[in-house]
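What follows is one structure encoded as structure tokens, with my remarks underneath.
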Amino acid sequence: MKMMIFFIVGLIVHVVFFLSIFDIYFTSPLVHGMTPQRVPLAPPAKRLVLFVADGLRADSLFKPDDNGTGRAPYLRSVIEESGTWGVSHTRVPTESRPGHVALIAGFYEDVSAVAKGWKENPVEFDSVFNESRHTWCWGSPDILPMFAKGATGDHVYTYTYPPEREDFASTDASRLDTWVFDEVKDFLNVAKSNETLLNMLHEEQNVFFLHLLGIDTNGHAHRPMSKEYIENIGLVDSGVAEFVSVMDDFYGHDGKTAYIFTSDHGMTNWGSHGAGHPSETLTPLVAWGAGVQTAQREGSHKYDDNYLKEWGLETSMRVDVNQADIAPLMSSLIGVPFPVNSVGVLPLNYLNNSQHFKAESIYANAIQILEQFRVKMAQKKETTISFLFTLYQPLTDSKQMDFMRNARNLIQKGQFDEAIRYCEDLIVQAMEGLSYYHTYDRLFLGSSVVLGFIGWTSYVVLFILKTHASLRKPPTNMHMVTERSLGQMFLCIGLLVALFLMVQSSPWTYYIYCLLPVPVWFSVMREFETLASLVRSVPSLPLSKCFGYFLLVTFGIELLVVSFFYRAMLTLGLVVLALWPLVSGLYTKAKFRSLSWMLSCLFLAVFPLLPVVGREPDVNYVICAGVLTLFNSSSYLWSSWRCSPLIRRDRQLFICQMMQVVLCAYILTSTHSSLQLKQGLPLFNQLVSWLTLVSSFLIPLLSSTRLFHRLLSILMSLVCVYLLLSTGYEALFPPVLSWLMFAWINIEQETMNTQGSSNRTELSSTDFAENIDITKIRQLRLDDIRRSYYFVFFIIIAFFGCGNIASINSFDPASVYCFLTVFNPFIMGGLLMWKVLIPFVIVMCTFESIQVSTQLSSRSLFLVVLVISDLMALHFFFLVKDHGSWLDIGTSISHYVIVMSMTIFLMLLSVMTHILTSKRILIGRKRKMHFR
């Protein structure tokens with residue numbers, strides 16, 4: 001019962017540690033209660049048209065074809081003659097929703113949107129659409145509704161096509177864009193005969209939003225270098241040209257329409273996005289029409305890259321912006337208030353207006369950002385004890401007033417250039433101040449979590465020593481008095497912490513993070529006797545051996561941490577592991593099994609050296625993987641038949657599973673061929689794929705409970721699903737990993753033989769269904785630290801062997817085409833996640849088998865694994881730094897989240913295993929008493 005409580009408490013503690021990283025680093029930056037700011041002068045445009053070509057890379061639009069002709073002749077002519085252009089720099093994650101939020105609302109979405117889905121608003125925010133008089137939107141049902149939902153009033157109108165049209169197997173995904181252009185033209189034609197609508201369209205401050213998804217869909221399906229992707233760019237270009245002509249005719253060529261053409265994100269060469277590669281973060285921006293600066297010759301704006309020459313635009317002035325800067329640009333052009341949550345800075349070089357207008361615009365922009373700073377400062381001041389509150393010195397109340405007064409005086413005196421520079425300085429200070437107050441509690445919360453983390457890890461180590469190192473001591477009266485005093489002291493500490501948080505009106509989550517270390521460290525201090533006993537027993541320990549294990553484990557943990565950043569380190573680790581039988585002397589006693597271990601390690605070591613992204617699909621690898629799986633299965637069945645013939649039911653089950661492997665390999669090749677011919681996903685293939693996925697959870701339960709029989713059945717069921725989710729060499733990964741796992745089980749048995757274990761059992765007779773004899777369960781040894789480390793190492797190999805789970809764009813969306821081709825982020829994401837977890841499950845099943853075969857309680861080994869994974873997570877927590885780039889911070893945090901997720905999963909498994917093991921031990925004990 002005590003062990004069960006320990007695992008449940010450990011699970012709760014790790015969930016808290018897991019969630020803490022989001023509260024510390026990913027809280028919403030939005031504040032409310034600001035006064036909207038608008039430019040007091042008349043705007044240059046009455047209406048604005050925003051084109052967003054989803055998934056369009058900057059180089060794909062700007063770079064000429066091999067023959068020197070532009071891919072988008074109309075937009076090229078705008079760049080060279082009548083508009084201003086540049087590169088819009090996006091932020092990670094380069095996904096559609098955060099990209100559109102940055103474009104239209106002017107701020108960078110917080111990560112809570114990931115948990116709630118791209119289609120909902122996790123927090124309410126202001127946008128250009130919300131501030132407009134009317135906004136009409138056409139495009140994807142995944143993007144448009146979120147801006148209509150967030151708008152106040154009923155002035156944002158959306159027109160979307162059915163979700164079923166977003167099909168990656170479509171014969172022509174560009175029809176999504178054709179639909180948008182056709183619908184807009186029909187809308188304007190209908191308006192001519194609808195007086196109410198016509199009057200609305202002729203009002204000022206209107207916005208037209210055309211979301212063009214065809215390029216993104218073609219990029220996912222055919223890659224950005226494909227003919228389909230390039231032709232879709234041409235279609236969009238001609239559609240934009242035609243729509244501009246229609247708009248000019250509709251409004252009588254009044255010259256009061258501004259146009260902005262851009263993209264939400266780019267795309268990698270292999271057709272994915274989400275990370276921070278330049279092909280994903282560099283998007284095009286072209287603006288023209290009313291109030292926009294006409295084409296300028298290249299002047300003082302120089303860039304370090306070589307893009308101007310590569311794109312043939314050396315003579316055209318390029319003006320780069322951050323993606324959030326486009327929102328204030330749109331607001332300034334049509335005279336609506338800047339979105340109150342915007343952190344974008346108005347790019348003045350895009351404006352064709354007087355210096356007075358530019359000064360007033362940048363002043364309104366500065367005050368709008370300063371308003372956010374004021375609200376943020378007020379909120380933080382209210383929740384902090386006055387003598388502990390530290391002001392952001394560059395923007396105290398008096399300095400804010402001086403900034404505003406001086407800027408206004410400069411504008412009134414007509415010193416517009418100086419006023420512009422002054423306001424830009426104010427914006428920089430306000431942005432830094434926003435960041436200062438947004439991260440105000442980060443050190444405090446981080447320190448509390450680290451303190452709890454260290455305390456928990458220390459307690460687990462002491463728990464292992466107390467349980468498995470014969471350091472238990474009967475409690476004495478002095479010990480009980482000391483424990484009572486200790487409890488009173490920590491109770492007082494907890495009350496003081498709670499009082500401190502209450503006075504500061506802290507959120508309830510702060511109570512959890514700050515109070516958690518109190519009981520954890522109380523539990524550590526209670527084990528003082530255990531620590532004292534350990535110190536007294538040091539002279540009797542094999543110090544050299546213990547120190548050697550300490551160095552090896554330290555090096556091993558560092559190797560695992562570095563492997564998260566450099567996958568090649570996993571290859572180094574596997575090469576070192578391959579030498580283990582030679583170093584330990586096992587090779588001389590079990591040559592065949594040692595050779596199998598060494599070869600499987602070396603073959604698996606190849607995978608971390610292969611590219612995880614950018615590979616072209618090749619079904620030949622999938623066929624080879626199926627053949628390899630059949631060979632491994634046939635070899636085992638033949639060797640098993642020689643030792644002890646399989647019963648008829650098992651033999652039939654294995655034959656059926658081998659036939660299923662052949663069927664899945666055929667389904668994948670058939671689907672790949674059908675999609676290449678643009679014939680869509682065959683219904684039969686889709687049905688077989690889903691049935692295979694469902695049956696993979698059930699079929700292994702029908703197999704024998706003998707160790708190798710059950711493992712082989714699990715392997716073939718999982719490989720069938722993995723084949724359907726593969727597009728290239730990664731299909732070979734599970735068979736090779738399984739070879740190593742079977743070799744690991746065998747060589748661990750040889751290790752037990754070498755150590756002269758009297759309770760060892762033959763692998764061929766090991767049965768998962770047997771009840772556990774408690775007398776055969778042994779205590780932990782130093783060698784079990786090695787087993788635990790191997791397990792953690794193989795888990796990391798399973799995660800990073802042929803993909804980077806920390807990076808969204810490491811996985812090809814084509815992997816799920818056997819199951820569905822219509823865009824559905826949750827089902828597709830779930831299938832890709834299961835693909836990642838399949839190698840993990842293979843390693844988990846192997847580790848459970850090793851625990852059974854080595855007669856060691858599963859919870860004992862899990863405790864050692866827990867310490868190793870916690871040390872890794874703590875390492876990643878320390879690697880997260882505030883001063884790094886968003887990409888660096890996000891990478892370290894994602895690694896922390898991966899390790900914590902793995903640990904929580906292991907804790908859940910520990911609880912379930914403990915329940916099952918306790919039941920089997922209890923039955924075994926009762927049977928033993930019965931025979932007595």
Side-chain angles (χ1 to χ4, degrees), residues 1-24 441 443-468 471-473 475-476 478-534 859 862-874 877-878 896 899-900 903-904 906-908 910-911 914:
M1 187 64 185
K2 288 184 178 180
M3 185 63 75
M4 173 61 74
I5 294 174
F6 171 83
F7 279 125
I8 292 176
V9 170
L11 180 62
I12 295 172
V13 167
H14 281 85
V15 169
V16 172
F17 290 156
F18 174 80
L19 295 176
S20 68
I21 200 72
F22 296 100
D23 261 352
I24 295 172
D441 292 331
L443 179 61
F444 171 65
L445 292 177
S447 301
S448 298
V449 171
V450 168
L451 191 63
F453 226 134
I454 295 173
W456 169 256
T457 306
S458 304
Y459 177 71
V460 175
V461 172
L462 290 173
F463 187 86
I464 293 172
L465 293 173
K466 180 179 179 180
T467 309
H468 296 278
L471 296 177
R472 292 177 183 269
K473 297 289 181 182
T476 61
M478 180 64 71
H479 176 75
M480 295 178 68
V481 172
T482 305
E483 185 175 323
R484 190 179 301 112
S485 302
L486 203 62
Q488 292 172 353
M489 182 182 73
F490 274 90
L491 179 61
C492 292
I493 293 173
L495 291 174
L496 287 174
V497 172
L499 181 62
F500 173 76
L501 296 174
M502 190 179 300
V503 170
Q504 294 206 119
S505 303
S506 300
W508 63 270
T509 52
Y510 283 36
Y511 287 84
I512 297 176
Y513 304 140
C514 297
L515 289 175
L516 181 61
V518 177
V520 170
W521 277 102
F522 170 66
S523 301
V524 172
M525 298 306 294
R526 282 178 61 191
E527 302 299 333
F528 178 80
E529 290 294 329
T530 302
L531 188 59
S533 299
L534 177 65
R859 56 178 177 259
F862 271 127
L863 289 175
V864 182
V865 170
L866 189 62
V867 172
I868 296 173
S869 58
D870 280 349
L871 290 174
M872 289 177 58
L874 192 59
F877 196 94
F878 281 121
Y896 172 84
V899 176
M900 288 305 300
T903 307
I904 291 172
L906 291 175
M907 292 296 296
L908 284 169
S910 300
V911 173
H914 176 76

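Just the heavy atoms: all of them, side chains too, but no hydrogens, waters or symmetry mates, feed the values below.
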Are Phe463 and Glu527 close enough that some pair of their side-chain heavy atoms sits under 4.5 Å apart?
no
Given Phe17, which of Phe453, Phe877, Phe22 fulfils the ring pair (Phe, Tyr, Trp, His ring centres under 6.0 Å) condition?
Phe453
Taking ring pair (Phe, Tyr, Trp, His ring centres under 6.0 Å) as the test, write out the residues that go with Phe490, two or more places apart.
Phe522
Quick one: closest heavy-atom pair of Gly455 and Val524, and the distance?
O-CG2, 3.2 Å
With Tyr459 via side chain to side chain donor-acceptor pair (under 3.5 Å) - residues at least two apart:
none
If the condition is side chain to side chain contact (heavy atoms under 4.5 Å, CB included), which residues does Val520 pass it with, not counting sequence neighbours?
Trp456, Leu516
Rounded at 0.5 Å granularity, tell me how far CG in Leu11 sits from CD1 in Ile8.
8.0 Å
With sequence neighbours excluded, residues passing ring pair (Phe, Tyr, Trp, His ring centres under 6.0 Å) with Tyr513
none
Just to verify, what does Ser447 make a side chain to side chain donor-acceptor pair (under 3.5 Å) with, not counting sequence neighbours?
none
Pairwise distance CE(Met489) to CD1(Ile493) - rounded to 0.5 angstrom
5.0 Å
Separation of Thr509 OG1 from Leu501 CG (nearest 0.5 Å)
10.0 Å
What residues, two or more places apart in sequence or in another chain, satisfy salt bridge (charged side-chain N to carboxylate O under 4.0 Å, His left out) together with Asp23?
none
Which residues satisfy the side chain to side chain donor-acceptor pair (under 3.5 Å) test with Thr903, sequence neighbours excluded?
Ser869
For Leu451, the side chain to side chain contact (heavy atoms under 4.5 Å, CB included) test, sequence neighbours excluded, returns Pro517, Trp521
Would you say the side chain of Tyr510 lies within less than 4.5 Å of the side chain of Ser448, judging by non-hydrogen atoms?
no
Here the gap from Ile21 atom CD1 to Leu445 atom CG, rounded to the nearest 0.5 Å, amounts to 10.5 Å
Could you pull out all residues at least two apart from Val867 that satisfy side chain to side chain contact (heavy atoms under 4.5 Å, CB included)?
Thr457, Val460, Val461, Ile464, Leu871
Pairing residues for Leu495 by the side chain to side chain contact (heavy atoms under 4.5 Å, CB included) criterion, not counting sequence neighbours:
Leu491
With side chain to side chain donor-acceptor pair (under 3.5 Å) as the rule and sequence neighbours excluded, what pairs involving residues 6-19 come up?
His14-Asp870
